[in-house]
Amino acid sequence: MMTKAMTRTRKLGTAATLGGLAAAAALLTGLPPAQADELADLKANQQLLQQRIDQLAQAAAAPAAPTADLKGSFPRSILIPGTDTSLSVGGYTNLDVSYWITGGPVNGNVVTPVIGENGQALATPLYLHGQTFGGLTFNAPTFDPRARGNGVFQMTARESRLRVETRTPTPYGEAGTVFEFDWLGCNNLSCNGLNHVSNNLLPRLRLAYGTLGPWLAGQAFGTTVDLAANPETVDFGGPVGEWGVVRLPQLRYTGQLPWPGVSFAVAAEAPQTDVFTPAGQIFSDTSAVPAVDGIGTPTALAVNPTKSSMPDWPAYIQITRPWGHLRFQGVLRDLKIQDGHFINKTFLGFGGGFAGNAKPFPFWPKDDFTFQFGAGQGLGRYMNSASDAGLATNFGGCGAYIDTAGDCAAGTSLYGRTGGPTTAAAAASIIVKPVAEWFGAVGYQHWWLPNVRSTVAFGIQHQDVSEQLVGVVQAATGVNKQVYTTHANVIWSPVAFIDIGLEYMHAQRKTIVNIAGTEDEVQGEFKVKF
Amino acid sequence: MTTKAVSGMRSVGACGGLAAVALLAGLPSVQADELADLKANGQLLQQRIDRLAQAAAAPAASLKGSFPRSILIPGTDTSLAIGGYTNLDVSYWLTGGPVNGNVVTPVAGETGQAESTPLHLHGQGFGGLVFGAPTFDPRARGNGVFQMTARESRLRVETRTPTPYGAAGTVFEFDFLGCNNLSCNGLDHVSNNFVPRLRLAYGTLGPWLAGQAFSTMNDLAADPETIDFGGTAGQWGLSRLPQLRYTGKLPWPGVSFAVAAEAPQTDAAMPGGLVFSDTSAIPAVDGVGLPTTLAVNPTKSSMPDWPAYIQIERPWGHLQLKGLLRELKLQDGHLINKEFLGFGGGFSGNLKPWRRWPKDNLVFQFGAGKGLDRYSYGASTFGLATNYGGCGIYIDTAGDCAPGTALYGRAGGPTTAAAAGSIIARLVPEWFGAVGYTHFWRTDIRSNLAFGIRHEDVPEGLVGPVQAATGLNKQVYTVHANVIWSPVAFVDIGLEYLHAQRETVANIVGVEDEFQGEFKVKF
């Protein structure tokens, strides 16, 4: 638009100049002797022409203007010449440094910078010291990871992020596209032993979505994720107890309600049936092939019985005010267990809660208080956590366990276990129940100086998984009943687009039978945005 | 460009004249040599103003690239474009769906679920074995499967630069459809961490193309438009591979040709499964790698494949005639050393059949050959069939050998020259074709109807009854019907129905029925 407007101005100027020129030239060449009124005419003409030339000179003297011509419709974007589309390429680089005082990840993938939620906090080594449970005794392994979890140092740039975004006006409202990548997606297969030569990390897709007016389609942050209600932590994982699913494919409609500052959104999101089994946690998109590095259906299961038949249905209503915002949200989801033989069960997972932020103090106008809470049954992954599930079942379990590896006593295998019974009678003993869960997180950010800020954050997640269904081994060492995290940091931005920060983190997880693992960690970051 | 250049020139002329006038106005009496001076002066001034005006007019134009949506990199002749699209794909299977494992959407047809949809096994006897349905039957669970994904979303970086040798260009393109079982398991739980895969990475200099690009045998203008990323069976493939290609003009108007050397692969159907020359020698993980029943991977590639086409372009569409030669080699480092010449050819094209519906389009393609395999687009094709590593007698549907009947090439089997003498390899004959029709109901609404079929004749005596019954597809066909609405030029919203059927060598069938929707925003 701007380009066009300027071009038009220039053309107008040109046309006027041209007119003047024609007149002047005609006068000049046509008249051999110069006369007084003609001179006066010429002077008048000259003034006109001078004005035109001024305009021209202005345009010429402004090689600055052309750059402005290509200024896009949103910050740091470029207008693609000849189109209405603005394009930006951005992101940040980040060096993350972690040091564990207790409960660190000694070997395997570089966990940094995902320490809290979805990171080490969910899997930090347990304090096993001969607790007995369900007839089994749980001793620390001979080579105890807990005894090695202190003094672990890691450094990584995995959180660094690249983003490509476009926006284009259309008759249906603004259309946009967003692509975003980072390098946090590697699993054991792609991230082992990387530090030895050159840290060949693979990019992972974060965002890939398009918008047209009120519609959003593609992989985006979950509809129930409220980024403005999440505390700022140096730890990429952040506190537990936040709303998920973080990023997933969806079709979303966002609209305004008739009251000022009140909006709503409803969406259909990519489903997943998630279940705790005696052999471990599996999902409907877990591959049917045997486990490799913990990925895939556990070999103890005869089949992965989970299935998804319809999308999940999240929705929220949001109230935005000068002091902050408040959002009420809920989810309905269909969870299905169907093994292609005798088992065919469907459950309705549901849950809801709220999220928001408030700027509590007029004298510290940038200080910010954030909060969120959720609860439900079969809500599963809508609590942001790698260690949750919507259902629990004894499918593929044991009648009696003989060791802490989860082996069955002879002849006690249940229906669904590899080599176990497959009769209708055996199938009748299989029970599936939705898991009840609640979770919440609060954070407070204080600005010491315009360029120095601190955040303290606390989060907790809790789920009630029946020990009788998932069995003693999962109950003792597999499934977390409760996890909490505490973060405290200070971040300095010497220039607006640089963050240099230091953070302390304390976390604890507790399995179903109250065996605990504790983590203490110091994390630093050096982030340069562009 | 043109407008701006012209307007610039006009301004210049105007200013030159103006300068003259300014001088003129300053002089009380006009004299002849003064006029001449003035004219000379005027010319000088005109030149200066010329430059000034150019500088003023140029900037906006100067960063406009040489091809649509591109930007000229300041200080160079190179135009750069960043583009692609985001896509939400939604699938619902009525039958034959993929219940667990990777998100298959949007590849439901060819190279996707259609090639591996669960078979209707119900105690068929074949080769002395009985094939019953598994206890936990995937076919009984394949109905009512819902998936959603943005995996097809695509990012592209392209440059073009004029050179004395013609235009030079580079293209990079990525999407997220490349994940295997290892990187795509359980992704939906937290954040769908897909890994990008390379689609295109090639450069051009005048008539030469070098790098990973669409195969020379691919005719994208002859492929039907489907929402299903996999598309119809029976298209010319393989999709993308490393190559060196020369494209030129023939002396007749609108007639061009291309010849290429393309990255080779020897692919063989064996009693242990499909094996490629680039299959890793390590044991199978998630179906990737060499089957453990094989003593060694005997396939080898020694020279590129040689595809070529001649294309005729006319106002009504185009026609492409093409052919291919390829070398296939089995050499196991012991007693087997066999070479085969694979060959095949066919045609492809499009046609705008109706004058009253000028945007309507008919596309068609057909191919046939021996050992052509992957050049008929499909994940389950193969150029050779062999009994290498098989059994004399099979005892179960897992493919185990009766004691003492293992053939040469099987892990633990005989390795004598006599045993090697019984190993046979043959080129697999195949034919395939696809047709599609696009009708525009309105300028912004179109529909496509497409049918595709692929057929391979695999000797069951070589690959054994287990592969013949449950492993290798003899024939696959797909039918797609869709309607796509583009509310604005760069947005596609569509819905499609797919019906597909596969038939293994032993005529055991698997059927797939699926609805697929898309919401695509291009940039």
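On a predicted model such as this, the values are computed, not experimentally measured, just so you know. By convention in this document, chain letters (A, B, ...) are assigned in the order of the sequence lines, proteins followed by strands, and residues within each chain are numbered from 1.
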Nearest heavy-atom approach of Arg141(B) to Asp339(A) is CD-C, 3.3 Å
Which atoms of Arg154(B) are under 4.5 Å from chain A, going by heavy atoms: the side chain, the backbone, both sets, or neither? backbone
Between atom CZ of Phe174(B) and atom CG of Leu205(A), what is the distance when rounded to the nearest 0.5 Å? 12.5 Å
Asn304(A) to Asn100(B) - nearest heavy-atom pair and separation: O-OD1, 2.9 Å
For the student: nearest non-hydrogen atoms of Ile80(A) and Ser70(B), plus distance: CG2-N, 4.1 Å
Turns out that what part of Thr166(A) lies under 4.5 Å from chain B's heavy atoms comes down to side chain
For Ala268(A), which atoms come within 4.5 Å of any heavy atom of chain B: side chain, backbone, both, or neither? both
Which residues satisfy the side-chain hydrogen bond (donor to acceptor under 3.5 Å, both in side chains) test with Thr85(A), sequence neighbours excluded? Thr168(A), Arg69(B)
Look at Ile282(A), Asp388(A), Asn384(A), Leu87(A) and state which one has the largest set of heavy-atom pairs under 4.5 Å with chain B. Asp388(A)
Less than 4.5 Å to any heavy atom of chain A: does that hold for the side chain of Pro138(B), its backbone, both, or neither? neither
Please classify the contact between Thr422(A) and chain B as side chain, backbone, both or neither, with a heavy-atom cut-off of under 4.5 Å. side chain
Looking at Pro249(A) and Met148(B), what are the two nearest heavy atoms and their distance? CG-O, 3.5 Å
Largest heavy-atom contact set with chain A, pairs under 4.5 Å, which of Ile82(B), Thr135(B), Leu155(B): Thr135(B)
Shortest non-hydrogen contact between Phe179(A) and Tyr85(B), atoms and distance: CZ-O, 3.3 Å
Restricting to non-hydrogen atoms, name the atom on Tyr92(B) and the atom on Ser309(A) that form the minimum distance, rounded to 0.1 Å. CE1-O, 3.3 Å
Is it the side chain or the backbone of Glu269(A) that comes within 4.5 Å of chain B heavy atoms, both, or neither? backbone
So what's closer than 4.5 Å to chain B heavy atoms on Phe181(A): side chain, backbone, both or neither? side chain
For the interface with chain B, which of Gly82(A), Pro203(A), Gly210(A) has the highest count of heavy-atom pairs at distances below 4.5 Å? Pro203(A)
Engaged part of Asn143(B) at the chain A interface, taking heavy atoms whose separation is under 4.5 Å: both
Heavy-atom proximity to chain B below 4.5 Å, by part of Tyr172(A): side chain
Under 6.0 Å between ring centres: does that hold for Tyr415(A) and Phe136(B)? yes
For the residue pair Phe146(B) and Asp334(A), establish whether any side-chain heavy-atom pair is separated by less than 4.5 Å. no
So for Leu251(A), is it side chain, backbone, both, or neither that comes closer than 4.5 Å to the heavy atoms of chain B? both
Which region of Val89(A), side chain (C-beta onward) or backbone (N, CA, C, O), has a non-hydrogen atom less than 4.5 Å from a non-hydrogen atom of chain B, or is it both or neither? side chain
Pick from Asp137(B), Val90(B), Asn87(B), Val491(B): which one has the most heavy-atom pairs with chain A under 4.5 Å? Asp137(B)
Who wins among Ala140(B), Ser153(B), Gly144(B) for the most heavy-atom pairs under 4.5 Å with chain A? Gly144(B)
Winner by heavy-atom pair count (cut-off under 4.5 Å) against chain B, out of Pro305(A), Ala175(A), Gly416(A), Pro171(A): Pro305(A)
Need one label for Thr273(A): side chain, backbone, both or neither, based on atoms under 4.5 Å from any heavy atom in chain B. neither
Side chain, backbone, both or neither: which part of Asp182(A) has a heavy atom under 4.5 Å from chain B? neither
Of the listed residues (Val488(B), Val99(B), Thr86(B), Ile71(B)), which shares the most heavy-atom pairs with chain A below a 4.5 Å separation? Thr86(B)
Between Pro311(A), Ala220(A), Gly222(A), Gly176(A), which residue shows the highest count of heavy-atom pairs closer than 4.5 Å to chain B? Pro311(A)
Quick one: pull up CD in Gln250(A) and CZ in Phe519(B) and give me the separation to the nearest 0.5 Å. 12.0 Å
